[in-house]
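As structure tokens, the structure follows; a few thoughts come after it.
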Amino acid sequence: MSYTAATVQLLSPEGELVESDASAEYLPYIEALSDDQLREFHRQMVVIRRFDQEAANLQRQGELGLWVPSLGQEAGQVGSAFASRPQDHIFPSYREHAVARIRGVDLIGIMGLLRGTTHGGWNPADTNFHLYTLVLGSHTLHATGRAMAMTLDGATATGNPETDGAVMAYFGDGASSQGDVSEAFVFAASYQAPVVFFLQNNHWAISVPVEIQSRTPLYLRSSGFGIPGVQIDGNDVLAGFAVTKHNLDAARSGEGPRFIEALTYRMGAHTSSDDPTKYRLDSEVDYWQRRDPIARFETWLRSRGEGDAFFADVATEAEDVAADIRKRTLALGIPSVGKMFDHVYSEPHPVIEAQQRWLAEYEASLENDG
């Protein structure tokens with residue numbers, strides 16, 4: 001399931017700006033961007049890809065229990081993340097590394113989570129970027145609830161876009177088949193909650209292709225719930241930015257929930273425990289490789305006059321970030337056993353306390369036996 005006639009694309013795979021009836025309403029968002037902002041789009045995509053590669057290497061070397069790659073999905077994440085405002089609440093799934101970085105999360109938190117040294121990795125209150133969710137689709141309900149609360153608190157639709165907030169929830173094509181997502185649509189539509197559902201359709205729910213999950217394009221699903229949907233080229237960072245900004249602004253102004261399907265491709269494995277060569281054709285991978293989000297954006301920037309020096313500086317920064325994340329990951333150490341009991345509940349809980357006592361007594365008995 002690739003691009004359709006409805007797919008919004010602002011930058012072609014060849015790196016050329018697309019001017020058409022479909023792109024006309026979104027091009028003003030791009031024209032308003034400064035050169036520095038466009039450079040930042042590229043910088044974030046390149047740096048997060050290098051981070052992703054380094055994390056995958058660390059997992060293979062036994063330093064992480066699991067890694068979830070985002071290779072190939074950088075454009076939709078970077079564009080949509082820059083479209084959000086600081087007061088917006090972001091609810092990720094578990095592959096939104098670029099969004100996390102742009103929202104101000106220290107990437108070592110992601111490494112700690114997948115190394116097993118932390119339950120969460122960061123405090124959502126610091127950035128309004130909530131914790132990764134490994135239970136597919138469940139966070140769409142949390143996002144909808146947050147959006148409903150913002151309406152009740154008067155934190156949205158006041159007419160001031162500088163302070164009005166919205167919510168954005170990221171999930172994948174596989175998660176869209178979960179019942180929680182449908183329930184989130186029901187409540188979001190019923191309460192006209194200011195939430196944008198951002199579906200990254202990377203074409204594979206582990207080994208199940210998207211055409212098995214849905215006989216129609218996924219962006220059409222939300223219309224059955226009364227939520228307007230739009231399909232974009234998820235490998236086009238300009239489309240990711242412009243369409244998301246348009247829909248977030250609509251949601252925060254009181255126009256209700258919105259749905260975006262970003263057509264992209266998971267170039268790597270589902271996770272480090274997966275082998276995609278068992279179920280994917282090389283021809284399919286080649287097709288999407290030719291639509292690489294970073295390569296097309298670099299081509300466009302160069303056509304605008306960007307020189308080699310900028311791209312060299314970005315490559316150097318990416319290597320520095322990779323080296324830093326490796327160094328800090330190796331220094332994380334091993335958490336105390338008791339840490340697993342911390343913050344399970346907000347207040348002391350007798351069951352947790354009993355479990356902690358039992359474990360302490362069990363470990364002491366092993367020492368005594370020695």
Side-chain angles (χ1 to χ4, degrees), residues 6 8 25-26 28-29 76 79-93 96 99 103 124-125 127-130 133 135-173 175-201 214 216-232 239-262:
V8 176
E25 88 174 287
Y26 300 109
Y29 291 97
S80 60
F82 276 117
S84 67
R85 292 180 176 272
Q87 68 268 23
D88 295 338
H89 283 260
I90 309 299
F91 286 79
S93 184
E96 286 69 44
V99 185
R103 293 291 297 194
T127 60
N128 287 344
F129 183 85
H130 293 257
T133 306
V135 180
L136 288 181
S138 64
H139 63 295
T140 58
L141 288 167
H142 308 155
T144 301
R146 165 60 73 172
M148 292 166 61
M150 292 172 76
T151 300
L152 294 172
D153 290 342
T156 188
T158 68
N160 186 349
E162 298 301 320
T163 57
D164 283 343
V167 175
M168 184 155 52
Y170 290 88
F171 55 103
D173 48 288
S176 71
S177 296
Q178 295 289 332
D180 285 355
V181 175
S182 292
E183 292 176 12
F185 287 172
V186 168
F187 277 87
S190 296
Y191 288 86
Q192 287 294 279
V195 55
V196 172
F197 298 100
F198 193 97
L199 186 154
Q200 296 178 86
N201 179 357
S214 180
T216 61
L218 294 177
Y219 81 95
L220 296 175
R221 280 186 174 178
S222 65
S223 62
F225 296 86
I227 300 175
V230 60
Q231 184 184 75
I232 69 171
F241 171 79
V243 175
T244 305
K245 183 170 176 55
H246 176 80
N247 282 277
L248 277 172
D249 286 348
R252 79 173 79 255
S253 66
E255 296 181 28
R258 300 299 180 96
F259 180 84
I260 299 172
E261 177 195 5

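Here the structure is a predicted model, which means the values were calculated and not measured.
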For Y170 and I90: C-alpha separation, side-chain torsions, deciding distance, then whether side chain to side chain contact (heavy atoms under 4.5 Å, CB included) applies. CA-CA 8 Å; Y170 290 88; I90 309 299; 3.6 Å; yes
Go through the steps for Q200 and S93 under the test side chain to side chain contact (heavy atoms under 4.5 Å, CB included), then give the verdict. CA-CA 10 Å; Q200 296 178 86; S93 184; over 6 Å; no
Criterion side chain to side chain contact (heavy atoms under 4.5 Å, CB included) on T244 and M168, from CA distance to verdict: CA-CA 9 Å; T244 305; M168 184 155 52; 3.6 Å; yes
Could you go through the side chain to side chain contact (heavy atoms under 4.5 Å, CB included) check for V167 and F91 one step at a time? CA-CA 8 Å; V167 175; F91 286 79; 3.7 Å; yes
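Counting only distance, with no hydrogens or angles, the side chain of D180 and the backbone of H139 share no donor-acceptor pair below 3.5 Å. Remark: the backbone N or O of G165 is paired with a side-chain donor or acceptor of T156 at under 3.5 angstrom. Counting only distance, with no hydrogens or angles, the side chain of S214 and the backbone of T216 share a donor-acceptor pair below 3.5 Å. The backbone N or O of E162 lies less than 3.5 Å from a partner atom in the side chain of Q87, making a donor-acceptor pair. With hydrogens and angles disregarded, a donor-acceptor distance shorter than 3.5 Å links the side chain of S176 to the backbone of D173.
Within a 6.0 Å sphere centred on CZ of F225, heavy atoms belonging to other residues, nucleotides or ligands number more than 12.
Take S223 and apply the side-chain contact (heavy atoms from CB on, under 4.5 Å) test, not counting sequence neighbours, and it matches no residue.
Looking at every heavy atom in both residues, Y29 comes nearest to F241 through O-CE2, 3.9 Å. Contact detail for N128 and P86: the closest heavy-atom pair is ND2-O, 3.0 Å. The shortest heavy-atom contact between I227 and A189 is CG1-CB, 4.0 Å. S138 and T133 make their closest contact through OG-CG2, 3.3 Å (heavy atoms, listed as atom of the first residue, atom of the second, distance). Nearest heavy atoms, F198 versus G76: CZ-O, 3.7 Å. The nearest pair of heavy atoms linking V8 to A239 is O-CB, 3.9 Å.
Using a 4.5 Å heavy-atom cutoff, the side chains of R221 and E261 are not in contact.
Donor-acceptor pairing under 3.5 Å is lacking for the side chains of H246 and Y26.
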Would you mind writing out the side-chain donor-acceptor pairs for residues 140-153 within the sub-3.5 Å range, not counting sequence neighbours?
residue : atom : partner : partner atom : Å
T140    : OG1  : G137    : O            : 2.6
T144    : OG1  : T140    : O            : 2.8
T151    : OG1  : A147    : O            : 3.3

Would you list the atom pairs, donor with acceptor, under 3.5 Å between side chains in residues 251-260 and any protein atom, with sequence neighbours excluded?
residue : atom : partner : partner atom : Å
R252    : NE   : D249    : OD1          : 3.2
R252    : NH1  : D88     : OD1          : 2.8
R252    : NH1  : D164    : O            : 2.7
R252    : NH2  : D88     : OD1          : 3.4
R252    : NH2  : D88     : OD2          : 2.8
S253    : OG   : D249    : O            : 3.1
S253    : OG   : A250    : O            : 2.9
E255    : OE1  : R258    : NH2          : 2.8
R258    : NH1  : N247    : OD1          : 3.3

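Note that OG of S84 and NZ of K245 are 9.5 Å apart. Values are rounded to the nearest 0.5 Å.
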